[in-house]
Asks: 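Okay, handing you the structure first.
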Number of protein chains: 2
Amino acid sequence: MPRIKQDEPDTHRAMHVVNHLRTLIENGDLLPGDKIPPEREFARSLKVSRASLRTGIGYLAAMGVMKVRHGVGTFIADGPAEFGKTSFSLMGVLHGFQSWQMFEARLILESHLAALAAERGKQEHHAALADEVAEMFGAMDNPSDYIVHDLLFHRIVSQASGNPILAALIETIMSALYDKRRKTVERSIDLRESAEMHREIYRAIRARKPEEARRLMEEHLRMAETAQGMESAADRKAAKTARMGKTARVKPSSITS
Amino acid sequence: MPRIKQDEPDTHRAMHVVNHLRTLIENGDLLPGDKIPPEREFARSLKVSRASLRTGIGYLAAMGVMKVRHGVGTFIADGPAEFGKTSFSLMGVLHGFQSWQMFEARLILESHLAALAAERGKQEHHAALADEVAEMFGAMDNPSDYIVHDLLFHRIVSQASGNPILAALIETIMSALYDKRRKTVERSIDLRESAEMHREIYRAIRARKPEEARRLMEEHLRMAETAQGMESAADRKAAKTARMGKTARVKPSSITS
DNA sequence: ATATATACTGTGGTCTGACCTCTGCGCGGT
DNA sequence: ACCGCGCAGAGGTCAGACCACAGTATATAT
């Protein structure tokens with residue numbers, strides 16, 4: 001059942017490779033973690049040049065479906081679902097994503113995530129959350145350490161939600177947000193207050209109180225947004241003035257290395 | 001400012017190309033719709049082989065940041081933000097995304113989208129929505145036509161939300177869901193009732209009643225989920241039994257073309 | 001003069017086959 | 001038992017020729 005006409009690759013050789021692999025994955029012939037045959041060999045068996053095979057693999061690798069390790073081999077991704085974070089940030093600059101939009105998306109997703117985590121979270125998640133909260137209290141005098149456990153906490157919540165799709169989405173957004181945050185100065189957030197909010201969220205989740213978890217998470221994020229000096233207002237204004245150089249052409253001089 | 005260590009491509013030549021382009025984009029030297037120099041020329045100027053250049057471009061193209069048109073040239077993507085839909089479906093089979101999870105994600109995102117659309121929708125959106133509703137009523141005896149306008153309606157709502165990030169996310173999920181739906185039989189949904197629900201949503205949006213729009217959309221989606229014979233229950237059960245062939249190896253025989 | 005072929009040019013797509021680099025691991029020396 | 005050297009396997013890069021497609025200019029027929 002040859003699947004033709006994917007989306008962008010207007011090419012067909014590479015597409016053939018992609019579809020072949022896709023089929024193998026869908027049929028369960030290839031499972032996460034599996035290694036595919038060496039390029040030369042695989043290329044021969046598929047009757048395409050190694051170059052084309054590589055193009056196809058590159059396509060899948062770029063999407064995070066496959067993982068290529070120089071000198072070792074090519075494997076099917078096995079980690080948690082993960083959309084192109086690189087893609088997201090690129091798309092961001094390209095389409096002028098703004099902080100307030102990211103925050104809005106995060107707020108919506110994560111508040112629901114917290115509610116779901118409260119409904120479905122398992123003991124292991126509760127334990128992991130407790131650990132992170134503890135770590136946060138212990139790292140209140142070390143912002144860079146603190147932020148790590150902050151992220152971890154939110155990641156665990158997303159896993160506890162039981163919906164890998166939502167988890168993957170929020171993960172993508174968070175990483176983009178993290179990139180931005182890392183660039184700005186380590187603002188003087190009140191880490192103690194932050195830690196306490198996390199603790200409350202944790203308690204709500206453990207107590208299986210979805211609505212409360214949802215509300216707390218929402219509150220926490222709103223606070224984080226303003227506290228971290230989101231220039232949302234400024235962004236919003238700047239947005240209009242920008243984005244109006246629609247003419248298209250190339251300036252080889254500036255592009256040339 | 002060389003950005004090293006992207007994510008997956010452990011290679012450096014191709015990465016060099018990606019970073020170079022990334023920088024050009026971030027600096028505004030390349031705007032959406034722009035055409036980059038011909039491969040041969042560009043490769044020479046970057047001092048890499050054409051093959052490596054192509055690898056890098058392929059990476060960006062796979063993420064939807066660039067658009068390659070055979071016989072024409074390579075351009076910076078200019079359409080609306082769009083994450084790898086292909087990626088999503090691949091990831092789906094790979095991580096066993098299930099329908100109920102997709103629906104859950106859709107429900108959360110789209111209900112908020114409706115609320116935001118009610119808050120921020122502009123006249124143009126209202127008009128477009130009205131058009132689609134009209135088309136839906138006119139295509140009630142033609143399911144395949146109907147579904148097109150159904151999708152269009154939801155897409156317009158996402159645009160009216162004013163948050164391109166959320167719009168892109170829901171778009172990705174919807175396309176995955178659409179793929180699934182297309183495969184199953186054209187269920188006998190009550191198109192008239194569906195059309196009327198859309199009309200009500202439209203009215204709530206036009207009347208700028210966020211909460212009502214939110215509620216209606218939620219209701220609509222829940223109904224759609226059950227009406228379309230979601231095998232959520234079955235899925236859920238099947239999920240557990242599956243996914244336990246963790247051993248990893250290759251069966252060249254079955255992989256070979 | 002208009003319209004339909006046809007040829008040309010520019011650009012991406014594929015192929016070949018040789019060579020480079022990295023990883024992992026085994027063999028041998030200490 | 002330990003360390004290090006080197007081989008083998010796998011991916012990464014390269015060069016250059018050639019193929020395929022799209023758009024345009026040109027020639028030819030009506």
Side-chain angles (χ1 to χ4, degrees), chain A residues 4-21 30 33-62 64-77 248-250 252 255-257, chain B residues 4-21 30 33-62 64-77 248-250 252 255-257:
Chain A
I4 313 294
K5 205 244 171 196
Q6 206 69 31
D7 43 313
E8 352 154 359
D10 50 37
T11 166
H12 48 303
R13 298 292 192 163
M15 236 19 240
H16 172 56
V17 175
V18 171
N19 284 329
H20 186 74
L21 283 169
L30 283 176
D34 279 5
K35 178 174 177 295
I36 69 174
E39 294 186 348
R40 290 154 176 101
E41 183 184 325
F42 201 25
R44 213 176 333 113
S45 79
L46 286 185
K47 308 232 186 69
V48 299
S49 74
R50 197 183 149 207
S52 296
L53 174 72
R54 285 178 110 293
T55 302
I57 289 177
Y59 182 73
L60 292 169
V65 175
M66 303 192 70
K67 218 77 170 181
V68 182
R69 295 177 55 195
H70 189 173
V72 183
T74 304
F75 308 78
I76 303 292
R249 77 284 75 165
V250 168
I255 288 179
T256 292
S257 127
Chain B
I4 312 294
K5 204 244 171 192
Q6 204 69 31
D7 41 317
E8 349 153 2
D10 51 38
T11 166
H12 38 299
R13 299 291 194 177
M15 234 22 232
H16 173 56
V17 175
V18 171
N19 285 329
H20 186 74
L21 284 168
L30 283 176
D34 278 5
K35 178 173 177 293
I36 70 174
E39 294 186 346
R40 291 159 177 95
E41 183 184 325
F42 201 26
R44 211 176 334 114
S45 79
L46 286 185
K47 310 238 186 63
V48 300
S49 73
R50 201 182 147 205
S52 296
L53 175 72
R54 286 180 109 284
T55 303
I57 289 177
Y59 181 74
L60 292 169
V65 176
M66 303 192 72
K67 217 78 168 184
V68 182
R69 294 177 55 195
H70 188 171
V72 183
T74 304
F75 308 78
I76 304 292
R249 77 286 74 166
V250 168
I255 288 178
T256 292
S257 129

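Just the heavy atoms: all of them, side chains too, but no hydrogens, waters or symmetry mates, feed the values below. Below, read A as the first sequence line, B as the second, and so on, with proteins coming before strands; counting in each chain starts at 1.
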Asks: Identify which nucleotide among D:dG11, D:dC14, C:dT14 has an atom closest to any side-chain atom of A:H70, counting heavy atoms from C-beta outward.
Replies: D:dG11
Asks: With heavy atoms under 4.0 Å as the rule, sort A:T74 into base, sugar-phosphate or nothing.
Replies: sugar-phosphate
Asks: So which heavy atom on A:V68 is nearest to which on A:A61, and how close?
Replies: CG2-CB, 4.2 Å
Asks: Hey, does B:T55 have a side-chain heavy atom less than 4.5 Å from the side chain of B:V17?
Replies: no
Asks: Nearest of C:dT11, D:dG11, D:dT13 to any side-chain atom of B:K35?
Replies: C:dT11
Asks: What nucleotide among D:dT13, C:dC15, C:dG12 has an atom nearest to a side-chain atom of B:S49?
Replies: D:dT13
Asks: Starting at NE2 of B:H16 and ending at C1' of D:dG12, how long is that distance when rounded to a whole Å?
Replies: 15 Å
Asks: Take atom CG of B:L60 and atom P of C:dG12, then tell me their distance rounded to the nearest Å.
Replies: 15 Å
Asks: Using only modelled atom types and a 3.5 angstrom limit, is any donor from either the side chain of B:R69 or the base of D:dG23 paired with an acceptor on the other?
Replies: no
Asks: D:dC14, OP1 or OP2 - any side-chain N/O from B:S52 closer than 4.0 Å?
Replies: yes
Asks: Once you round to the nearest 0.5 Å, how far does CG of B:L53 lie from NZ of B:K47?
Replies: 14.0 Å
Asks: Please pick, from D:dC14, D:dG11, C:dT11, the nucleotide with the shortest atom-to-atom distance to any side-chain atom of B:P38.
Replies: C:dT11
Asks: Name the closest nucleotide to the A:R40 side chain, picking from C:dG12, D:dC14, C:dC19.
Replies: C:dC19
Asks: Quick check: on DNA chain C, is the nucleotide nearest A:G71 upstream (toward 5') of the one nearest B:E39, or the reverse? Name the residue that is more 5'.
Replies: B:E39
Asks: Go through C:dC15, C:dG12, D:dT13 for me and flag the one nearest to the A:A51 side chain.
Replies: C:dC15
Asks: I want to check one thing: is the phosphate of D:dG11, taken as OP1 and OP2, less than 4.0 Å away from some side-chain N or O of A:R50?
Replies: no
Asks: What is the distance, to the nearest angstrom, from the CD1 atom on B:I36 to the C1' atom on C:dG12?
Replies: 11 Å
Asks: Taking the side chain of A:V72 as its heavy atoms from C-beta onward, which of C:dT11, C:dT23, D:dG12 lies nearest to it?
Replies: C:dT23
Asks: Between atom CZ in B:F75 and atom C1' in C:dT11, what is the gap in whole Å?
Replies: 10 Å
Asks: Which value, rounded to the nearest 0.5 Å, describes the distance between A:S49 atom OG and A:E39 atom CD?
Replies: 10.5 Å
Asks: Tell me: CD of A:E41 to P of D:dA8, nearest whole Å?
Replies: 18 Å
Asks: Measure the distance from CG on A:L46 to C1' on C:dC15 and round it to the nearest whole Å.
Replies: 15 Å
Asks: Side chains of A:M66 and A:T74: does their closest heavy-atom pair fall under 4.5 Å?
Replies: yes
Asks: Measure the distance from NZ on A:K47 to C1' on C:dC15 and round it to the nearest whole Å.
Replies: 16 Å
Asks: Using atom CZ of A:R54 as one end and atom C1' of D:dA10 as the other, report the distance to the nearest whole Å.
Replies: 10 Å
